[in-house]
Amino acid sequence: MSSIKIELRKDDVDFIKGVCASFNNDPQELINVLHSCQEHFGYLPAEIQEVVSEGLNMPVAKIYGVVTFYSFFTMTPKGKNPISICLGTACYVRGAEKVLDEFKKELGIEVGQSTNDNKFSLSSLRCVGACGLAPVVLVGDKTYGRVAPDDVKNILKEYE
Amino acid sequence: METIKLTIDNKEVDVPRGTTIYKAAKELGIDIPTLCYMDLHDLNIENKPGGCRICVVEVEGRRNLAPTCSTKCESGMVVKTHSTRVLNARRTVMEFILSDHPKDCLVCSKSGNCELQTMAHRLGIREIPGAEFAETSKYRKDTSPSIIRDLDKCIMCRRCETMCNDVQTVGALSAVNRGFMATVAPAFEQNLEHSTCTYCGQCVAVCPTGALTEVNHVPQVLRALVDPTKTVVVQTAPAVRAALGEEFGMAPGTLVTGKMTAALRALGFDYVFDTDFAADLTIMEEGTELLDRLSRHLKGDTTARIPILTSCCPGWVNFFEHYFPDLKDVPSTAKSPQQMFGAIAKSYFAEKIGINRKDMVVVSIMPCLAKKYECQRDEFSVDGNPDVDFSISTRELATFIKQANIDIKTLQDEEFDTPLGESTGASVIFGNTGGVIEAACRTAYELYTGKKLERIEFTELRGMEGVRSATIDFNGLPVNIGIAHGLGNARKLLDDVRSGKSVYHAIEVMACPGGCIGGGGQPLHHGNSEVIKARAAALYTEDRKKPLRKSHENPFIVKLYDEFLGKAGSEKAHHLLHTHYFDKKKKIIIKH
Ligand code: SF4
Ligand code: SF4
Ligand code: SF4
Ligand code: FES
Ligand code: FES
């Protein structure tokens, strides 16, 4: 039997089942269902995928396959201050990867993870449409432009 | 049907519209290499993701090369299958697949039987440019009771996914991740053991590489054989004798019953017995249960569950425990022949030869990987001593025979030992889809009507259709029989049972397409379903050759009841030969 225990609060289960029902419990709507769930919970842990599997009557392995295929789905909770680094072409060309490496070093986490105190989490994005400001970093709702690796420490300080 | 004309390698061919280039070429005797593609025509199973691109050809007027397994013919097409451009592209594809593949062919359990290895050989690959720079992934190995997953060897052909999802509808495996980390895995990349896997082994049966293989139990068997304190008893399932020869170069469908028996004796087993004996016993118990439920049902007893479902396939048992636990009182409680054999060997037979069950080792030779898991289930042991100690597959037996320098082809036929080696034709056909229920009908008919069965062969129950049905006339009582092989087909019949729409009195289910002859432990068919049909024919031949063809006529079964069990369905029989099922469905726990 599965080693993953599905323990959720009743209203969470009801919410997920409700989302599935609003898409007619149609497996074809999986991506939309997952989107709605991620919007609500912030991430898609195994427990949520299990309930979706029941709601849409499809194997949970398939759901996990979809969650791990698309980079906009995540299985780890976002930190209080989610940091996203644009890795679109313009940003990439202008050194976004170095900036990302600096964030990884400073926080001691990889893309898709959050810090132990859950203060920060790290993710990457495709072009956010601000190429003029490349490289672009988002922290929560705030946008930082022309970020250099040296700026990383100062940005993090703002959230201490 | 509308046909179209095209030219392949300067030869013209007419094919029905919708035919793939691959199949059209085949008509002309042109054998285009394929890797991910798989077509089990008679079983209606196809895998054509068009992903590996080994099968590409040049089509005049098109810029890109076309994968033939998934490209349809068009009228007037001019195709070249071996131009320089095609050969170079094919080589590049192959080199790319091989660049991050482990290079440990010498010690890989698929070696000699691996489609990737064969392809590298066929394409004449002699070096892999850049291999020294390529990263090889280090995916952990996952060992379950039956199956080993070594995903570093996966080439993402996704055949296993097709078998597990489309054919079996189990859905334990799915393609996960992307790019370099892409692989095929259970949900959350948990171990197979924690998924809903039934251990049917159909993924293993089609995997072209060493990524999916069975757990090897030959070393344990060898250890038992050289231990002077152990009496080692072996049983062989019906489907093994119809396939083992293939591993030694014999044509599919060659029966090697006598040679297999001789080889097992040469390997040093103390008693060479036959699972078929236990299959006859299964018919006695399951048939009695069927008649009991049926007659109670006819009398209006609403507690009599109809239809009765067969329970001799452990892959199928795992399936309903996961997916239909609400119906777990519907299948027969009779154990599988493998487990009935073990229970009788370690009680009746051990007593007879005056040894303690702990000094007896029971080994089973099975076409099946689910049996490895089954014999490890807690309920099939007494004080921690399992009724069946080790289950090895047809493939493992073949390797074992080769290791022991036995030339099976030159062996003289030998007979099974008595008493647990005697069987009837009814038990032989257990290996085919429809065989168990045909055997049950032969016995149930005579027990129910008290009349002799004139026509022994119920040909209406045979065939390769995924779901079949027939009504058998029990002297005025019409008995409706349903048959399904492959778990996806079983699911259809089960859904009807659940919703109360089922019209059947009895249903036979086998997890593997074709039944056990197509089991996950059999010699690899490499996508040729003719092999499975030849094995089925062989078992029907063996049945016809047997002097006794009804289970209740087996004199040693009669004796077993007289001396030991009492009558079919007795308390002792229930204790030794019946079991119960578990609810394995995942449950959501509500937190407060
Ligand atoms: S053994 Fe059967 S159920 Fe298990 S993963 Fe393979 S195909 Fe699926
Ligand atoms: S595990 Fe085997 S069958 Fe499955 S995708 Fe990989 S190579 Fe193909
Ligand atoms: S059909 Fe036969 S080989 Fe396949 S899982 Fe069932 S018992 Fe095993
Ligand atoms: S590439 Fe980063 S904003 Fe466009
Ligand atoms: S065999 Fe045709 S794409 Fe793989």
Side-chain angles (χ1 to χ4, degrees), chain A residues 1-20 27-28 30-31 34 37 41 43-77 87 110-113 123-124 126, chain B residues 142 144-145 149 156 158 160-198 203 318-319 321-323 325 373 377 487-488 491 495 498 582-592:
Chain A
M1 228 174 295
S2 172
S3 59
I4 290 187
K5 267 232 245 110
I6 323 162
E7 280 190 48
L8 281 172
R9 294 207 326 263
K10 182 160 185 318
D11 31 331
D12 291 341
V13 176
D14 289 346
F15 175 84
I16 303 165
K17 292 264 164 99
V19 171
C20 294
Q28 307 255 12
L30 175 64
I31 303 238
L34 292 176
C37 289
F41 295 102
Y43 69 122
L44 296 170
E47 291 81 356
I48 290 177
Q49 296 180 41
E50 295 275 10
V51 182
V52 171
S53 143
E54 213 167 80
L56 299 183
N57 193 19
M58 68 185 294
V60 65
K62 283 267 167 217
I63 297 176
Y64 176 76
V66 167
V67 168
T68 52
F69 187 80
Y70 293 103
S71 52
F72 45 78
F73 291 130
T74 169
M75 285 184 63
T76 41
L87 291 182
E110 289 296 312
V111 169
Q113 298 179 335
S123 65
S124 64
R126 302 286 147 80
Chain B
D142 164 20
S144 69
R149 297 169 53 241
M156 283 306 272
R158 302 177 75 165
C160 56
E161 201 187 350
T162 297
M163 291 313 277
C164 194
N165 289 273
D166 304 344
V167 178
Q168 301 297 57
T169 67
V170 172
L173 295 176
S174 170
V176 304
N177 302 329
R178 58 190 302 160
F180 187 60
M181 284 307 289
T183 191
V184 175
F188 319 121
E189 288 158 78
Q190 296 183 90
N191 291 342
L192 202 56
E193 200 174 352
H194 297 136
S195 72
T196 51
C197 172
T198 66
C203 52
N318 293 338
F319 183 72
E321 287 185 328
H322 277 298
Y323 286 100
Y373 163 77
R377 289 177 79 128
L487 293 170
R491 183 185 283 277
D495 280 336
R498 187 181 260 165
F582 299 85
D583 180 349
K584 293 190 181 161
K585 200 179 160 81
K586 223 172 293 175
K587 293 200 181 54
I588 296 173
I589 305 162
I590 303 287
K591 261 200 314 211
H592 292 288

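Just so it is clear, the model here is predicted, and its values are computed rather than measured. Heavy atoms only: backbone and side chains are in, while hydrogens, waters and symmetry mates are out. The chains referred to below are lettered A, B, ... by the order of the sequence lines, with proteins before strands, and numbering in each begins at 1.
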Heavy atoms under 4.5 Å from chain A: which residues of residues 163-170 of chain B carry them?
-> B:N165

Spacing of CD1 belonging to A:I63 relative to CZ belonging to B:F188, to within rounding of 0.5 Å = 8.0 Å

Under 4.5 Å heavy-atom distance to chain B, tell me which part of A:V13 shows up: side chain, backbone, both or neither.
-> side chain

Of the backbone (N, CA, C, O) and the side chain (C-beta and beyond), which part of B:E189 lies under 4.5 Å from a heavy atom of chain A, both, or neither?
-> both

Which heavy atom in A:T68 sits nearest to a heavy atom in B:N177, and how many Å separate them?
-> OG1-N, 2.9 Å

Take atom OH of A:Y70 as the centre, draw a 6.0 Å sphere, and report whether it contains more than 12 heavy atoms from other residues, nucleotides or ligands.
-> no

Taking all non-hydrogen atoms of both residues, which atom of B:A172 and which atom of A:A61 are closest, and how far apart?
-> O-CB, 3.6 Å

Part of A:M58 within contact of chain B (heavy atom distance under 4.5 Å) = neither

If you look at every heavy atom in A:F69 and B:R178, which pair is closest and at what distance?
-> O-NH1, 2.7 Å

A:D11, CG atom: more than 12 neighbouring heavy atoms under 6.0 Å | yes

